[in-house]
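For reference, the structure discussed in these notes is given below.
No experiment lies behind these values; they were computed from the predicted model shown.
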Amino acid sequence: MKKIAFTGSFDPITKGHLWVVQEGLEIAEKVVLMIAVNPEKKYMFSEDERREMIYQSLVEYGIEDKVEIVVSKNEYVAQSAIDFGCDYLIRGIRSSVDFDYESLIQKANTEVLGGAKTIFVMPPRDLESVSSSFIKNLLGPVGWHWNIKKFVSNAVYDALIKKYLIKCISKYTGLQLNEKDLKDLTEMIIEKYSGRTYHNINHIVHCYQELEWYLSNRNDDENINIEDVGLAILTHDIIYGAKSEKSDEELSAEWTKNYLSSIGKERSHVIDIILSTAHLSGKYACDTLEKQLMSSIDLAILGQRDEIYQRYSDGVRKEYSYVNDEDYNKGRYKALDYLMTLNLYSNSVFFKYEDKAKRNMKKEQSNLLSISHTD
């Protein structure tokens, strides 16, 4: 068989979809991937965005030259498939409900429309529940970016992160940028945070999730300037690993001040909030509600479940890969020792993390000692 068609909205494409594409390539020489577009339907991603995500995902899988991406707008896809030279469609079946539904569609496609016939394939257990709707349903709660990563390609993950970041910059920073400037700032921020294993854009995304969680659970009488905190989240780690006499937080505060000046804005409180994230220096007090909230958000990673904390501590170690194990273990142990003496979460909404954070850090200290004794 030369061609087989695979249709869907792919909003966004998932690893489940990509598995079906690969199955199609076991059957045919080429898969015609048809992006179905219904003008009456509201999509998360535009047609162009979906096309780009699909192409980049195919590149990741090394099959971009074997898949033809086309768009089917408000058409019967079974008939369109014939027009593209495909006598067969391929569909993934995840359950008996899927089979009952798809078998009815198959009959309509062939008996009523005279379109392409359908070949059904069953995805493996780890992908059988993965769909675009499944991914969308995971978005929102704290930690969604950790949970979706295993179900989508890097291209789709990056697109979801970028879309979320654009929303947060627009909603929580008070910068009031036009569409072009908002997009330019988002791309610059992503570039600034690239190349890091912990203090990267995923950390910023997590911080915004914690801010949104706070807004859903805060006390009504707390009068906090959310826009100042929201902007501080965006740039509080924009300079990292500078190896300067000044701390990264101080350099990030300076960068933020210069950026705000360049767009004609002065927000001195934001600078102070950024400085409050210099947790190990002991120089900057968390003496306002905004600083207390920012500090609690920044340290929320310490109170996460075991596998997330382990990923965080591994990421920090990689960022200090230029330091030998003995020196790193001593320095990290000392830093954790200092943090263990603090009440980490000064905003009451985050008190839930305190005990878990202390247990996580104590466990990491034990691991550091174990590694040192082994060496």
Heavy-atom pair with the smallest gap, counting every atom of [X] and [Y]:
X    : Y    : value
K15  : V152 : CE-O, 3.3 Å
G315 : T197 : O-OG1, 2.5 Å
Y43  : A36  : OH-O, 3.5 Å
N367 : Q310 : ND2-OE1, 4.5 Å
R305 : N147 : NH2-OD1, 3.3 Å
L33  : I54  : CD2-CD1, 3.7 Å

When you measure from the side chain of [X] to the backbone of [Y], do you find a donor-acceptor pair of N or O atoms at a distance under 3.5 Å?
X    : Y    : answer
Y320 : D325 : no
R50  : S9   : yes
S321 : R317 : no
S295 : K291 : no
Y208 : G230 : yes
R218 : S348 : no
T256 : S252 : yes
D228 : R267 : no
K163 : M44  : yes
Q365 : Y333 : yes

- Could you tell me whether H203 and H236 have their ring centroids closer than 6.0 angstrom?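 Yes, the ring centres sit under 6.0 Å apart.
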- Task: Indicate, with yes or no, if the rings of F10 and H17 have centres closer together than 6.0 Å.
- Result: yes
Please answer: with hydrophobic residues joined when any side-chain heavy atoms are less than 4.5 Å apart, are [X] and [Y] in the same cluster?
X    : Y    : value
L275 : I238 : no
M34  : I27  : no
Y88  : I82  : no
L89  : V67  : no
L260 : W255 : yes

Just verifying a value: how many Å separate [X] [atom1] and [Y] [atom2], rounded to the nearest 0.5 Å?
X    : Y    : atom1 : atom2 : answer
T14  : I148 : OG1   : CD1   : 11.5 Å
T118 : I90  : OG1   : CD1   : 10.0 Å
L175 : I263 : CG    : CD1   : 5.0 Å
F350 : E354 : CZ    : CD    : 12.5 Å
I226 : T173 : CD1   : OG1   : 12.5 Å
I201 : T186 : CD1   : OG1   : 8.5 Å

Tell me whether [X] at atom [atom1] has more than 12 heavy atoms from other residues, nucleotides or ligands lying less than 6.0 Å away.
X    : atom1 : answer
E222 : CD    : yes
N343 : CG    : no
Y55  : OH    : no
K265 : NZ    : yes
K318 : NZ    : no
Y164 : OH    : yes
K136 : NZ    : yes

Can you find a pair of side-chain heavy atoms, one from [X] and one from [Y], that are under 4.5 Å apart?
X    : Y    : answer
M1   : E29  : no
L344 : K358 : yes
I297 : L293 : yes
S153 : V156 : yes
I189 : T235 : yes

- Taking it one step at a time, do K180 and D184 satisfy salt bridge (charged side-chain N to carboxylate O under 4.0 Å, His left out)? CA-CA 6 Å; K180 181 183 181 304; D184 289 346; 2.7 Å; yes
- Do the rings of F151 and F134 sit parallel, tilted or perpendicular, given the 30° and 60° boundaries?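 Because their plane-to-plane angle is over 60°, the rings of F151 and F134 count as perpendicular.
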- Parallel, tilted or perpendicular: rings of H199 and Y240 (30°, 60°):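 Parallel: the ring planes of Y240 and H199 meet at under 30°.
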With no hydrogens and no angle check, just 3.5 Å: does a side-chain donor-acceptor pair link [X] and [Y]?
X    : Y    : result
H279 : E249 : no
Q22  : E26  : no
Y157 : N202 : yes
Y312 : E364 : no
E254 : Y259 : no
Y345 : Q292 : no

- Query: Cation over ring, K352 on W213, under 6.0 Å and within 45°?
  - Reply: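 Checked: cation-pi criterion met.
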N-O pairing of [X] and [Y] below 4.0 Å:
X    : Y    : answer
E266 : K257 : no
R196 : D237 : no
K330 : E326 : yes
K162 : E49  : no
K171 : E227 : no

- Message: As a quick check of understanding, evaluate side-chain contact (heavy atoms from CB on, under 4.5 Å) for S194 and N200, giving each step before the final call.
- Response: CA-CA 6 Å; S194 66; N200 52 26; over 6 Å; no
- Message: Using the rule given for salt bridge (charged side-chain N to carboxylate O under 4.0 Å, His left out), can you reason through K356 versus D306, listing the C-alpha separation, both sets of side-chain angles and the distance that settles it, and then say yes or no?
- Response: CA-CA 9 Å; K356 177 60 174 170; D306 292 353; 2.4 Å; yes
- Message: Set out, in order, the CA-CA distance, both residues' side-chain angles and the distance that settles salt bridge (charged side-chain N to carboxylate O under 4.0 Å, His left out) for R311 and E307, then state yes or no.
- Response: CA-CA 6 Å; R311 194 182 304 168; E307 64 269 27; over 6 Å; no
- Before giving the answer on side-chain contact (heavy atoms from CB on, under 4.5 Å), spell out for W146 and V205 the whole-Å C-alpha distance, their side-chain angles and the decisive distance to 0.1 Å. CA-CA 10 Å; W146 297 318; V205 164; over 6 Å; no
